[in-house]
Structures are given as C-alpha cells and as structure tokens.
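Okay, so here's the structure we're looking at.
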Amino acid sequence: MEITCSSCGKTINVPDEKIPRDKPFSFSCPNCGSRISVEPAAKRPQPETQSLPETFVPDSDRQGAMLCHAKPEKYKTLLEEMGYQVHTPEYHIEAINNLRFNEYRLIVVTDEYEALTHDGESVLHILQNMLMATRRKIFVVYVAPGLQSFDYLEAFSLSVNAIISVEDMGKKDSVKERLKRAIIENDLFFRVFKEVQSAQGKA
C-alpha cells in the first residue's frame, strides 16, 4: 500500500502484511518525522446469501476469464479485446463459487479486490493453494501499484504467473501484447514439461 505524507509529500510503500485489517493505524514519516494516520478502507457488505455462479454462453469459441477487481470496468474491455468472455464477481465468495463451476484460462486479481472484506480465504489464496494439475491450466495475474511488471521472480514468490503494475495496466495496447506473449511462453513451458514427464513415464 502506498501512503503519501501530507507534510513533506514523500510516498511510503507499506507492505500489505504489516497493515492492520479494518483498523486505523499511524506511523512516523521516515523523511520528516511527521505522524501519518491512516483510516481503514470502507467495508463493503457481504452478500446475505451465496449467489448462483456466473457461467459462460454454451458453445462459445472464446475462452473464459475472471476479473477480480473492485471496479472491473477498468480492465474488462482489455480482456474482451484479447478475446475472452469475462466474469466480474463482486465478492470473494462469488469468485470462489465461480471457480467451482467454470474452467478459466485467465484470472486477474487486483490488490484492491484482495483488500475487500471477506470471510475465510481470499480468491488469490485459493488459487495459490490449488492442486497443480488444475492450477497449471490457469494463467493468474496479480495487479498492484508499484510492482515491476512481468518480474517473474516476484511472480513466483506470490505463486502467480505474472505481476503487472497498476501504472502499466493503464497502457492498454502495450500490456495487451506483453500479456499475450507471457501466456504463450507459459503454454510452451508446460508443453515441454509435459513431454519430458511423458518421456520419463511420469505422465
């Protein structure tokens, strides 16, 4: 989470794991020493009942994608232009329910969505702990501010296929091409992996 000091204007990047969930907190600016107070993001109400999952149009030749964003209209057009049918669940429980009923080729999760109030596990945590036989069929992208886009070591540490900064996601044409290329490279890697496994009698 990026926080700007109102006194000196310095931007401080506070790791998400150090931010108290749903509680205000404060700290001293490392640049000028002023006290910075941060209020928690407004809670969003959870659905009272679990809604029916979104499903795709039968016999469509387009692959499925799920966009987990608090404001999905920001990126939905980008994914549709890449040829995907896109689901945009409002809550984590809806996203997790969608995972049970659909085979997604691409899933995009943003830090804003991860920060939404939820009971139990978040959708990103579910994806990170999914069985590899299922997980390798899905290309997972995590979007957050301040990231080094397509840093594969950082992506590996988060158990996702790619990370993209919010800033780069705004550059629609360039990120579209880089994302397409990353998906192709990922498919090639697993194709070779499967061939090696098969040759060794492990598949």
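The residues of the chain are indexed from 1 along the displayed sequence.
Contact check on Glu81 versus Lys176 returns a salt bridge, with a Lys/Arg side-chain nitrogen under 4.0 Å from an Asp/Glu carboxylate oxygen.
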Which donor-acceptor pairs under 3.5 Å do the side chains of residues 120-132 make with protein atoms, sequence neighbours left out?
unit_1	atom_1	unit_2	atom_2	d
Glu121	OE2	His125	ND1	2.5
Ser122	OG	Glu114	OE1	2.9
Ser122	OG	Glu114	OE2	3.3
Ser122	OG	His125	N	3.2
His125	NE2	Asn129	ND2	3.2
Gln128	NE2	Leu158	O	2.6
Asn129	ND2	His125	O	2.8

Give every donor-acceptor pair under 3.5 Å between a side-chain atom in residues 163-171 and any protein atom, sequence neighbours left out.
unit_1	atom_1	unit_2	atom_2	d
Ser165	OG	Ser149	OG	3.3
Ser165	OG	Glu167	OE1	3.4
Ser165	OG	Asp168	N	3.0
Ser165	OG	Asp168	OD2	3.4
Asp168	OD1	Lys171	NZ	3.4
Asp168	OD2	Ser149	OG	2.5

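No more than 12 heavy atoms of other residues, nucleotides or ligands lie within 6.0 Å of NZ in Lys137, so this atom counts as exposed by the packing criterion. No more than 12 heavy-atom neighbours from other residues, nucleotides or ligands sit within 6.0 angstrom of CD on Gln148.
With contacts defined as side-chain heavy-atom distances shorter than 4.5 Å, the pair Val175/Leu78 qualifies. Inter-residue side-chain proximity for Tyr142 and Asp111 is flagged as met; some heavy-atom pair is nearer than 4.5 Å. Under the 4.5 Å side-chain criterion, counting only non-hydrogen atoms from C-beta, Tyr152 is in contact with Glu185. Inter-residue side-chain proximity for Val108 and Leu79 is flagged as met; some heavy-atom pair is nearer than 4.5 Å. Looking at His92 and Leu116, their side chains come closer than 4.5 Å, going by heavy atoms from C-beta outward. Looking at Lys172 and Tyr75, their side chains never come closer than 4.5 Å, going by heavy atoms from C-beta outward.
Residues Pro72 and Thr88 share a closest heavy-atom pair of CB-CG2, 3.6 Å. When every heavy atom of Met66 is checked against every heavy atom of Ala95, the shortest pair comes out as CE-O, 3.7 Å. The shortest non-hydrogen separation linking Phe139 to Leu179 is CE2-CD1, 3.8 Å. In plain terms, the two heavy atoms of Tyr91 and Tyr113 that are nearest each other are O-OH, 2.6 Å.
For Arg105, the side chain to side chain donor-acceptor pair (under 3.5 Å) partners are Asp187, not counting sequence neighbours. With sequence neighbours excluded, no residue forms a side chain to side chain donor-acceptor pair (under 3.5 Å) with Thr134. The ring-ring contact (aromatic ring centres under 6.0 Å, His included) check on Tyr84 picks up nothing, with sequence neighbours excluded. Partners of Lys74 under the salt bridge (Lys or Arg N to Asp or Glu O under 4.0 Å) rule, at least two apart in sequence or in another chain, do not exist in this structure.
In this structure, Asn102 contributes its side chain and Tyr104 its backbone to no donor-acceptor pair below 3.5 Å.
Note on Val140 and Ile96: same hydrophobic cluster, where clusters join Ile, Leu, Val, Met, Phe, Trp and Tyr whose side-chain heavy atoms are under 4.5 Å apart, directly or indirectly. Under the 4.5 Å side-chain heavy-atom criterion for ILVMFWY residues, no single connected hydrophobic cluster contains both Ile138 and Phe150. Val141 and Val160 are assigned to two separate hydrophobic clusters, defined by single-linkage of ILVMFWY side chains at heavy-atom distances under 4.5 Å.
If you take NE2 on His87 and NZ on Lys76, they are separated by 9.0 Å, rounding to the nearest 0.5 Å. Between atom CD1 of residue Ile107 and atom SG of residue Cys68 there is a gap of 6.5 Å, rounded to the nearest 0.5 Å.
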**Message:** One pair to check against side-chain contact (heavy atoms from CB on, under 4.5 Å): Gln85 and Gln63. What are the steps and the verdict?
**Reply:** CA-CA 6 Å; Gln85 294 185 76; Gln63 293 181 308; over 6 Å; no
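Inspection of the Arg135 and Asn161 side chains reveals an N or O donor paired with an N or O acceptor under 3.5 Å.
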